[in-house]
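Since we're looking at a predicted model, the values are computed, not measured. Any value given below was found using the heavy atoms of this structure, including those in side chains, with hydrogens, waters and symmetry copies removed. Here is how names work: the chains are called A, B, and so on, in the same order as the sequence lines, proteins then strands, and each is numbered from 1.
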Number of protein chains: 2
Amino acid sequence: MSQAYASRTPASEEAMGIVEVMDRLGTPMRFARNAEVYAQDDEAEFLYRVVSGTVRTVRFASDGRRLLGDFYYAGDLFGLEAGPRHRFSAEVLTDGVVQVLKRTAVRAFAGEAAMQAAILAETHKELGRTQSHLMLLSCRSARERVAAFLLNQADRCPHPAVELPMGRQDMADYLGLTIETVSRTLTQLQDAAIVEFAAARRFSVKQRDALERLAE
Amino acid sequence: MSQAYASRTPASEEAMGIVEVMDRLGTPMRFARNAEVYAQDDEAEFLYRVVSGTVRTVRFASDGRRLLGDFYYAGDLFGLEAGPRHRFSAEVLTDGVVQVLKRTAVRAFAGEAAMQAAILAETHKELGRTQSHLMLLSCRSARERVAAFLLNQADRCPHPAVELPMGRQDMADYLGLTIETVSRTLTQLQDAAIVEFAAARRFSVKQRDALERLAE
DNA sequence: CGTGTGATTGAAGCCTTTCAACGGCGGTGG
DNA sequence: CCACCGCCGTTGAAAGGCTTCAATCACACG
């Protein structure tokens, strides 16, 4: 019988899951608003997990335009590169804490297999999200993109009032739009009584079905 | 010293690399133009490798628009999902042969570790390509997208005359444009003496630097 | 209460899309 | 072998959506 990788993970030689190892052995680091956790092309020496706050991954095009890879929220692992270097830089949106642990430590305590499995799982998830995002950007209008984004945010917390951790520019760079288009679209959705903004970064969904129809 | 995954691959317990196993044990299957190799949401039961011809991965949006994931050429592995199901369907562009082998067979002959390593490597490559593609679609104009595409194609073969295996519709769905825009843009690039089309699917690069400047 | 940053709004322009017609090449059948 | 047919690609004109440039507004901070 071949030693299946996945089946080896919980075996005796690897007592702890990767998240547990990160929590126990990792160093919590506090980052200020807009601070960089790691830079693009940095060696992928550490693993990271969001404790509090929100993290964004960023990349710049040669013409200076900014592409936002994804957002990571409390509990999310990030920076688990399958390759030797980070392909995006990572920055915290608001002041926050990130648990940091060396790959070598994870390897020693959780086992190479567990780490590889975690990296594969994370890479796979990331690929799925990126593919869906590609679909969003290549096939959908500004209104549909913004609607999908708001719906995602609303689904992240069950509260009636949703707090956005990112500003308009981040939304724009994430959705492949300009900041003005994002702003205008939000106003439109509000005028249509689909969402309501109590403040620039706080909204509530008024007509979920309409939002879902737009986001499809 | 920890046993790095990569370093274990060629070890005694895994005599053959995954590509070698595919070649030796896989079944070559002939597919006709536009035939489907596997469908979206199919169970990822097999691994595939292009022997001849070209393969495209495809996904449909809920509004009917088509998104082209990527193209795969002779020698390329494809369909190595990290998850249980295919997230795109795969179709052959022109008549071609695909080497097919069950994952269970690969696991038995190359070892679970080698297969996982191959899947991770492939998923990582795929993620990198998808991220770059996302950048292309979210930041760049039609001309830049088409230029980047032609440059990629030109780099695929050293011949002065490049043969395109795909039609305009595939290019359009890959680049997030309409077929008309692709066609117009090609005409523009030709009028600018940057490329020259001998036929709809055969072109040569006249000014590589100009093409590179556009593609950046 | 002033200042500065982030968000909104307005107007104009441009690029891409849409709808439509035409052209050309390859394949088939006479 | 030629003629016809159909598909794929090209071209045209008009419309629309997003961007760009610019000014105003709102809110937090000193």
Side-chain angles (χ1 to χ4, degrees), chain A residues 32-34 56 61 63-68 91 93-95 136-150 153 163-192 195-203 214, chain B residues 32-34 56 61 63-68 93-95 136-150 163-192 195-203 214:
Chain A
R33 190 171 120 87
N34 291 329
R56 63 168 176 250
D63 64 350
R65 290 194 60 167
R66 194 175 77 144
L67 174 69
L68 238 145
E91 304 165 355
L93 291 184
T94 50
D95 296 15
L136 194 75
L137 297 201
S138 65
C139 302
R140 318 204 80 92
S141 70
R143 185 177 308 168
E144 292 170 330
R145 296 184 207 186
V146 171
F149 180 78
L150 293 181
Q153 290 296 315
E163 195 79 27
L164 291 175
M166 70 293 288
R168 296 292 186 266
Q169 189 62 62
D170 282 339
M171 287 178 56
D173 291 340
Y174 181 64
L175 297 175
L177 300 168
T178 60
I179 187 172
E180 294 95 333
T181 300
V182 170
S183 183
R184 272 186 253 272
T185 307
L186 290 174
T187 304
Q188 270 181 34
L189 292 176
Q190 183 161 230
D191 288 348
V195 295
E196 188 173 78
F197 276 81
R201 296 196 177 194
R202 187 166 51 252
F203 75 98
L214 279 173
Chain B
R33 190 170 121 86
N34 291 328
R56 65 170 175 247
D63 65 351
R65 289 194 62 165
R66 193 176 77 145
L67 174 70
L68 237 146
L93 290 184
T94 50
D95 296 15
L136 193 76
L137 297 203
S138 65
C139 303
R140 317 206 81 93
S141 69
R143 186 178 308 169
E144 293 170 330
R145 296 184 206 185
V146 170
F149 179 79
L150 292 180
E163 194 81 26
L164 292 174
M166 71 291 290
R168 295 294 186 266
Q169 189 62 61
D170 282 338
M171 289 178 56
D173 291 340
Y174 182 63
L175 297 175
L177 300 168
T178 60
I179 187 174
E180 294 96 331
T181 300
V182 170
S183 181
R184 271 186 254 273
T185 306
L186 291 174
T187 305
Q188 270 180 32
L189 292 176
Q190 183 161 232
D191 289 348
V195 296
E196 188 173 78
F197 276 81
R201 298 197 175 192
R202 185 165 53 251
F203 75 97
L214 279 174

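Side-chain atoms of A/Gln190 come within 3.5 Å of backbone atoms of A/Phe197 as a donor-acceptor pair (strictly under, hydrogens ignored). Side-chain N or O atoms of A/Arg201 include one that pairs as donor or acceptor with a backbone N or O of A/Pro165 at under 3.5 Å. A/Arg145 contributes no side-chain N or O that, together with a main-chain N or O of A/Ala172, makes up a donor-acceptor pair within less than 3.5 Å.
Rounded to an integer number of Å, the gap from CZ of B/Arg33 to P of D/dC8 is 6 Å. Remark: P of C/dT9 and CD of A/Glu180 are 12 Å apart, rounded to the nearest angstrom. Across the protein-nucleic acid pair, A/Asp173 atom CG and C/dA7 atom P stand 12 Å apart, rounded to whole Å. In this structure, A/Arg201 places its CZ atom 11 Å from P of D/dA28, rounding to the nearest Å. Atom CZ of A/Phe197 is separated from atom P of C/dT9 by 12 Å (rounded to the nearest Å). Taking atom CG of A/Leu186 as the reference point, atom P of D/dC18 lies 13 Å away to the nearest angstrom. D/dC8 atom C1' lies 13 Å from atom CG of B/Asn34, rounded to whole Å. Atom pair A/Arg143:CZ and D/dT19:P shows a separation of 14 Å (rounding to whole Å applied).
Rounded to the nearest 0.5 angstrom, B/Met171 CE and B/Leu164 CG are separated by 6.0 Å. Interatomic distance, CG of A/Leu68 versus CD of A/Glu91, reported as 8.0 Å (0.5 Å rounding). For the atom pair A/Asp173 CG and A/Arg56 CZ, the distance stands at 9.0 Å (nearest 0.5 Å).
Nearer to the 5' terminus of DNA chain D, by closest-nucleotide assignment, is the contact made by B/Gly167 (compared with the other of A/Ala142 and B/Gly167). Between A/Leu177 and A/Ala198, the one whose closest nucleotide on DNA chain D sits nearer the 5' end is A/Leu177.
At a cut-off of 3.5 angstrom, the base of C/dT5 holds no donor-acceptor pair with the side chain of A/Arg168. Judged by distance alone with a 3.5 Å cut-off, a donor-acceptor contact links the side chain of B/Arg184 to the base of D/dG12.
Looking at the side chain of B/Thr181, the nearest of the listed nucleotides C/dT8, C/dT17, D/dG9 is C/dT17. Nearest nucleotide to the A/Ser141 side chain, out of D/dT11, D/dC18, C/dT8: D/dC18.
Using five terminal pairs a side, the axes of the helix from C/dC1-D/dG30 to C/dG30-D/dC1 at its two ends make an angle of 30°, given in steps of 10 degrees.
A/Leu136 and A/Ala148 get closest at one heavy-atom pair: CD1-CB, 3.8 Å.
Residue-level contact check: A/Arg140 touches neither bases nor backbone, having no heavy atom under 4.0 Å from any strand.
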